[in-house]
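Model, not experiment: these values are computed from the prediction. Any value given below was found using the heavy atoms of this structure, including those in side chains, with hydrogens, waters and symmetry copies removed.
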Amino acid sequence: MLATLRNPAAGQAKGFFWFYFINEQIYRYLNLRVPHDYDKVPLLVFWGLILVWLFPWTFFVVSSVKQVPLRLRAWREGSKTKSVRRFC
């Protein structure tokens, strides 16, 4: 009941695409989001929080980056032994 009173009329609603992609992503970055119910944080705090939020994934990234030279070496050695080249 309260949602029907709070939601805009059908002519005023801009739809999911505008709300999620334009308003929540682009306008939030440009500080133009509607409604203006948040405050910006300094850039260093933002990047520090990004690192904290992504902390569990750093273990996977480090192990993946360590595998790159090994995989490249194996790929190069494997392509030398085959007579047909893959990327000509």
Side-chain angles (χ1 to χ4, degrees):
M1 182 79 154
L2 292 175
T4 58
L5 296 174
R6 177 75 175 125
N7 290 341
Q12 296 174 349
K14 296 182 181 178
F16 174 77
F17 178 81
W18 180 87
F19 174 75
Y20 186 74
F21 292 104
I22 305 299
N23 191 43
E24 292 291 327
Q25 305 298 323
I26 297 171
Y27 281 0
R28 179 177 290 199
Y29 178 75
L30 297 174
N31 199 23
L32 300 172
R33 181 177 174 256
V34 177
H36 189 72
D37 59 352
Y38 66 95
D39 195 17
K40 293 191 310 186
V41 296
L43 192 58
L44 290 175
V45 173
F46 172 76
W47 284 110
L49 289 172
I50 291 287
L51 291 175
V52 168
W53 293 326
L54 296 176
F55 177 72
W57 296 102
T58 56
F59 298 112
F60 297 111
V61 171
V62 170
S63 65
S64 297
V65 169
K66 286 181 181 178
Q67 292 292 320
V68 170
L70 300 173
R71 299 282 176 126
L72 273 174
R73 189 176 305 124
W75 180 73
R76 286 180 183 157
E77 290 172 359
S79 65
K80 289 179 184 176
T81 59
K82 295 181 181 178
S83 60
V84 179
R85 298 189 137 218
R86 293 180 184 160
F87 302 105
C88 294

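Hydrophobic cluster membership is shared by Trp47 and Leu54, with clusters built from Ile, Leu, Val, Met, Phe, Trp and Tyr side chains linked at under 4.5 angstrom. Connection of Ile26 to Phe17 is established within a shared hydrophobic cluster, with ILVMFWY side chains joined at heavy-atom distances below 4.5 Å, either directly or through further cluster members. Clustering ILVMFWY residues whenever any of their side-chain heavy atoms sit less than 4.5 angstrom apart, transitively, puts Trp53 in the very cluster that holds Leu43. Hydrophobic clustering (ILVMFWY, side-chain heavy atoms < 4.5 Å, transitive): Tyr20 and Leu32 are in one cluster. Tyr29 and Ile50 fall into different hydrophobic clusters, where Ile, Leu, Val, Met, Phe, Trp and Tyr residues are linked whenever their side-chain heavy atoms come under 4.5 Å apart, directly or through other members.
Under the 4.5 angstrom side-chain criterion for Ile, Leu, Val, Met, Phe, Trp and Tyr, Val62 has no cluster partners at all. Cluster partners of Val65 are Val61, counting Ile, Leu, Val, Met, Phe, Trp and Tyr whose side-chain heavy atoms approach within less than 4.5 Å, directly or via other members. Chaining together hydrophobic side chains whose heavy atoms lie under 4.5 Å apart leaves Leu51 on its own.
With sequence neighbours excluded, the residues forming a side-chain contact (heavy atoms from CB on, under 4.5 Å) with Trp18 are Lys14, Ile22, Asn23, Tyr27, listed by chain and number. Remark: Val68 pairs with Leu72 by the side-chain contact (heavy atoms from CB on, under 4.5 Å) rule, at least two apart or across chains. Contacts of Glu24 classified as side-chain contact (heavy atoms from CB on, under 4.5 Å), with partners at least two apart in sequence or in another chain: Phe19, Arg28, Arg33. Considering only residues two or more places apart in sequence or on other chains, Phe60 meets the side-chain contact (heavy atoms from CB on, under 4.5 Å) condition with Trp57.
Atom CG of Leu44 is surrounded by 12 or fewer heavy atoms from other residues, nucleotides or ligands within 6.0 Å.
Listed by first and then second residue, the salt bridge (charged side-chain N to carboxylate O under 4.0 Å, His left out) pairs involving residues 61-72 amount to none (not counting sequence neighbours).
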